[in-house]
Amino acid sequence: MECIVHFDVVHKDEVKSLRGLLFLDPGKSPSESDFLQMFEEMGYKLRLEDQQNLVFKPTEAGADYSEIRVRRLDTGEKTYKEDGELKTLLTNLLPREPKPL
């Protein structure tokens, strides 16, 4: 199964939106090593910084970018990616314990 990885490369002055391609077994999700191998084949040497939000940092000191963030995975099926900012906002706005009417 093909999986198109939509990601942003964060440079000092700009953010570039790019895509990569992974080949996965049907029903499988990409692993950390799948992402790292794909990025390495594209010339990026990275380490996974934030597993929940799929944020990668360069391992080379002279890299001209500060991070790579995976935005979306497209397998051709319906996808869902949790919006962390929306979840935080709702958590802070909604009461922790329901009050009786």
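Throughout, residue positions are numbered sequentially from 1 according to the sequence presented.
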**Q.** Distance-minimising heavy-atom pair for Leu18 and Val9
**A.** CD1-CG2, 3.8 Å
**Q.** Contacts of type side-chain hydrogen bond (donor to acceptor under 3.5 Å, both in side chains), residue Ser29, not counting sequence neighbours
**A.** none
Q | Partners passing side-chain contact (heavy atoms from CB on, under 4.5 Å) against Glu2 (at least two apart in sequence or in another chain) | A | Leu21, Phe23
Q: Indicate the atoms forming the closest heavy-atom contact of Pro58 with Ser66, along with that distance.
A: CD-O, 3.3 Å
Q: Report yes if the side chains of Val5 and Val70 come closer than 4.5 Å at any heavy-atom pair, otherwise no.
A: yes
Q. Can you name the side-chain hydrogen bond (donor to acceptor under 3.5 Å, both in side chains) partners of Glu40, sequence neighbours left out?
A. none
Q.
Could you work out, with side-chain hydrogen bond (donor to acceptor under 3.5 Å, both in side chains) as the rule, every residue matching Glu32, not counting sequence neighbours?
A. none
Q. For the atom pair CZ (Arg72) and NE2 (His6), what is the distance rounded to the nearest 0.5 Å?
A. 3.5 Å
**Q.** Test salt bridge (Lys or Arg N to Asp or Glu O under 4.0 Å) applied to Lys45 - qualifying residues, sequence neighbours left out
**A.** none
Q: Might you point out which heavy atoms bring Leu48 and Leu54 nearest each other, and give the distance in Å?
A: CD1-CA, 4.4 Å
Q: Not counting sequence neighbours, list each pair that qualifies as a side-chain hydrogen bond (donor to acceptor under 3.5 Å, both in side chains) and has a residue in residues 9-19.
A: Asp8-Ser17
Q | Heavy-atom pair with the smallest gap, counting every atom of Pro30 and Leu73 | A | CG-CD1, 3.8 Å
Q | Residue list, ring pair (Phe, Tyr, Trp, His ring centres under 6.0 Å) with Phe39, at least two apart or on another chain | A | Phe7, Phe56
Q. Is Asn53 reaching over with its side chain to a backbone N or O of Val55, donor-acceptor style, under 3.5 angstrom?
A. no
Q. Which value, rounded to the nearest 0.5 Å, describes the distance between Leu46 atom CG and Glu67 atom CD?
A. 10.5 Å
**Q.** Exercise: identify the closest heavy-atom pair between Lys28 and Leu24
**A.** O-CD1, 3.6 Å
Q. Same cluster or not: are Phe35 and Met42 linked, directly or through other Ile, Leu, Val, Met, Phe, Trp or Tyr residues, by side-chain heavy atoms under 4.5 angstrom apart?
A. yes
Q: Please name all residues satisfying side-chain hydrogen bond (donor to acceptor under 3.5 Å, both in side chains) with Thr59, sequence neighbours left out, ordered by chain then number.
A: none
